[in-house]
There are 2 protein chains.
Amino acid sequence: MLTKKQLDLLDFIHTRLQKDGVPPSFDEMKVALDLRSKSGIHRLITALEERGFIRRLAHRARAIEIIRLPDSLGGTVEDVAEAPTPANQGTAPAAATIAAMELPVMGRIAAGVPIEAINQISHQVAVPASMLSAQGQHFALEVRGDSMIEAGINDGDIVVIRETSVADDGDVVVALVEGQEATLKRIYRKGTSVALEAANPAYETRRYRQDQVKVQGRLVGLIRTY
Amino acid sequence: MLTKKQLDLLDFIHTRLQKDGVPPSFDEMKVALDLRSKSGIHRLITALEERGFIRRLAHRARAIEIIRLPDSLGGTVEDVAEAPTPANQGTAPAAATIAAMELPVMGRIAAGVPIEAINQISHQVAVPASMLSAQGQHFALEVRGDSMIEAGINDGDIVVIRETSVADDGDVVVALVEGQEATLKRIYRKGTSVALEAANPAYETRRYRQDQVKVQGRLVGLIRTY
DNA sequence: AACGTCATGCTGACGAAGAAGCAATTGGAT
DNA sequence: ATCCAATTGCTTCTTCGTCAGCATGACGTT
């Protein structure tokens with residue numbers, strides 16, 4: 001499963017995590033493995049992530065977390081000590097595993113939001129696993145404005161998006177228009193033109209050529225907190 | 001996952017929370033970390049929120065809550081549970097711990113559903129911990145019908161309810177009318193009478209005497225799967 | 001022996017993120 | 001109205017992660 005170097009690195013990260021709770025930086029790992037460049041570390045880290053041993057946030061300092069360890073390093077890392085919950089939430093069994101997954105909230109979306117805004121993680125939300133497809137990447141966005149209000153999507157709602165470039169007529173999608181702005185709209189195709197329709201009579205449907213619109217993902221879920 | 005500064009701050013907040021139950025103010029954190037400006041604290045807090053360790057209310061003093069702790073600070077805090085890996089391949093590593101909780105879905109609700117229907121658990125849903133209050137019992141219901149459509153609550157949505165018998169004017173509540181039927185409506189009180197108002201002009205507002213209506217819980221969240 | 005693949009190694013450049021500070025403003029509470 | 005807390009804009013410096021490009025040695029195949 002792992003090469004020697006990958007194992008060494010994983011071991012080092014694990015040790016550091018145990019010792020002072022903060023994962024090492026690439027430079028520190030570089031020194032530890034006696035390399036002269038960080039790029040080697042970069043590839044090893046990527047490999048570890050691919051193989052499901054660690055989890056990380058892209059473009060964040062020291063944002064590495066160990067998910068599991070190979071047998072040779074002492075097995076799993078899962079929370080062995082499931083502490084009896086103080087002030088237990090009652091109705092739900094505390095020890096049970098939860099069918100959910102954390103998704104990154106990539107920013108806000110509305111009519112006319114620049115794409116840059118949906119390129120960084122603002123925080124994480126948990127979403128029920130039943131909302132997600134078995135395969136496919138998902139992410140979340142916070143909705144701004146009332147352009148989809150008649151579809152029951154309100155200002156402040158979190159929408160869960162499945163990444164895809166295909167969509168059927170009438171699907172609600174995140175569409176990138178002219179490589180510039182990302183909007184949440186209903187999509188309809190007619191011949192070579194694409195219509196993006198808001199669910200609010202106050203906004204008018206806009207039509208584009210096929211090559212002007214790129215579907216980023218499809219709406220699969222919605223979460224609202226009052 | 002965290003840088004040293006971020007970990008220090010999280011540790012400080014956690015300690016203060018344990019000691020006197022109240023989260024520190026930005027100024028107190030500033031002093032604790034030996035900074036000269038609060039803006040640094042603001043950034044660290046933002047990073048912690050992004051990484052899913054704390055939860056907060058914007059524009060509220062000391063409105064910080066710890067959702068989970070890194071292993072180095074003693075692992076989990078209440079509502080945290082292990083996640084099974086929902087079909088996790090390739091580039092999408094799953095989270096090890098998730099800030100979520102399972103709630104029982106107690107049945108369906110609409111205008112005129114008999115109370116019996118909301119007395120048995122049909123299945124469980126996972127909801128983000130950020131949707132729930134620290135104390136208080138919660139449960140979920142599936143919405144039937146379009147009586148709340150203008151409030152963005154559609155047929156088939158799952159609503160998350162916090163059990164309480166108090167509600168402010170305008171809150172959406174689960175109300176038990178005449179001990180008979182449970183409905184999801186907006187509540188308004190006027191003198192000794194209680195008005196239950198649908199969010200759909202097709203349904204008319206109904207008025208009752210105070211003793212005819214019992215509030216079962218208040219709407220705190222909504223989950224929709226497409 | 002020659003070749004392709006793979007894991008690894010190295011350098012250097014680049015841009016993004018973290019951290020810190022000051023100042024001004026907004027928002028809540030009382 | 002006034003105080004305090006929180007938020008935001010702007011600046012500066014440091015730390016960190018990413019990437020393109022090229023090199024090497026191990027291994028198995030042709």
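Please read these numbers as outputs of a predicted model, since none were measured by experiment. Every chain is numbered from 1 and lettered A, B, ... according to where its sequence line falls, protein lines coming before strand lines.
Across the protein-nucleic acid pair, B:E28 atom CD and D:dC4 atom P stand 13 Å apart, rounded to whole Å. Counting to the nearest Å, the P atom of D:dT15 and the CD atom of B:Q6 are 16 Å from each other. Across the protein-nucleic acid pair, B:K4 atom NZ and C:dG18 atom P stand 17 Å apart, rounded to whole Å. Rounded to whole angstrom, the span from the CG atom of B:L48 across to the P atom of C:dG18 amounts to 11 Å. Atom CG in B:L7 sits about 15 Å away from atom C1' in C:dG18, given to the nearest Å. The separation between A:I45 atom CD1 and D:dC16 atom C1' is 13 Å, rounded to whole Å. Whole-Å rounding puts the A:L35 CG to C:dA7 C1' distance at 12 Å.
Taking the side chain as every heavy atom from C-beta outward, A:L103 and A:L132 approach each other to under 4.5 Å. Contact of the A:N154 side chain with the A:R224 side chain is registered, since non-hydrogen atoms from C-beta on lie closer than 4.5 Å. Here the side chains of A:V215 and A:I187 are in contact, with some heavy-atom distance below 4.5 Å.
Under 3.5 Å, the side chains of A:T164 and A:R218 contain no donor-acceptor pair of N or O atoms.
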At a cut-off of 3.5 Å, list every protein nitrogen or oxygen paired with a nitrogen or oxygen from nucleotides 5-14 of chain D, distance to 0.1 Å.
{"unit_1": "D:dA6", "atom_1": "OP1", "unit_2": "B:R62", "atom_2": "N", "d": "2.8"}
{"unit_1": "D:dA6", "atom_1": "OP2", "unit_2": "B:F26", "atom_2": "N", "d": "2.6"}
{"unit_1": "D:dA6", "atom_1": "N7", "unit_2": "B:K38", "atom_2": "NZ", "d": "3.3"}
{"unit_1": "D:dT7", "atom_1": "OP1", "unit_2": "B:R56", "atom_2": "NH2", "d": "3.2"}
{"unit_1": "D:dT7", "atom_1": "OP1", "unit_2": "B:H59", "atom_2": "N", "d": "3.3"}
{"unit_1": "D:dT7", "atom_1": "OP2", "unit_2": "B:R56", "atom_2": "NH2", "d": "2.7"}
{"unit_1": "D:dC10", "atom_1": "N4", "unit_2": "B:R43", "atom_2": "NH2", "d": "3.3"}

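In this structure, CD on B:Q6 lies 6.0 Å from CG on B:L44, to the nearest 0.5 angstrom. For the atom pair CG of B:L222 and CG of A:D157, the computed distance is 7.5 Å after rounding to the nearest 0.5 Å.
Heavy-atom distances to DNA chain C give each of B:A47 and B:R36 a nearest nucleotide, and the one nearer the 5′ end belongs to B:A47.
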- Item | side-chain hydrogen bond (donor to acceptor under 3.5 Å, both in side chains) between A:Y203 and A:D146, worked out | CA-CA 10 Å; A:Y203 296 80; A:D146 57 358; 2.9 Å; yes

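Nucleic acid contact class of B:L44 (heavy atoms, under 4.0 Å, all strands): sugar-phosphate only.
Counting heavy atoms of neighbouring residues, nucleotides and ligands inside a 6.0 Å radius, atom NZ of A:K30 exceeds 12 of them. Annotation for B:R207: atom CZ does not count as buried by contact number, only 12 or fewer foreign heavy atoms lying within 6.0 Å.
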- Which string of ( ) [ ] | and . matches DNA chain D, if you list each base 5' to 3' and count Watson-Crick or G-U pairs only when both distances are under 3.5 Å? ||||||||||||||||||||||||||||||

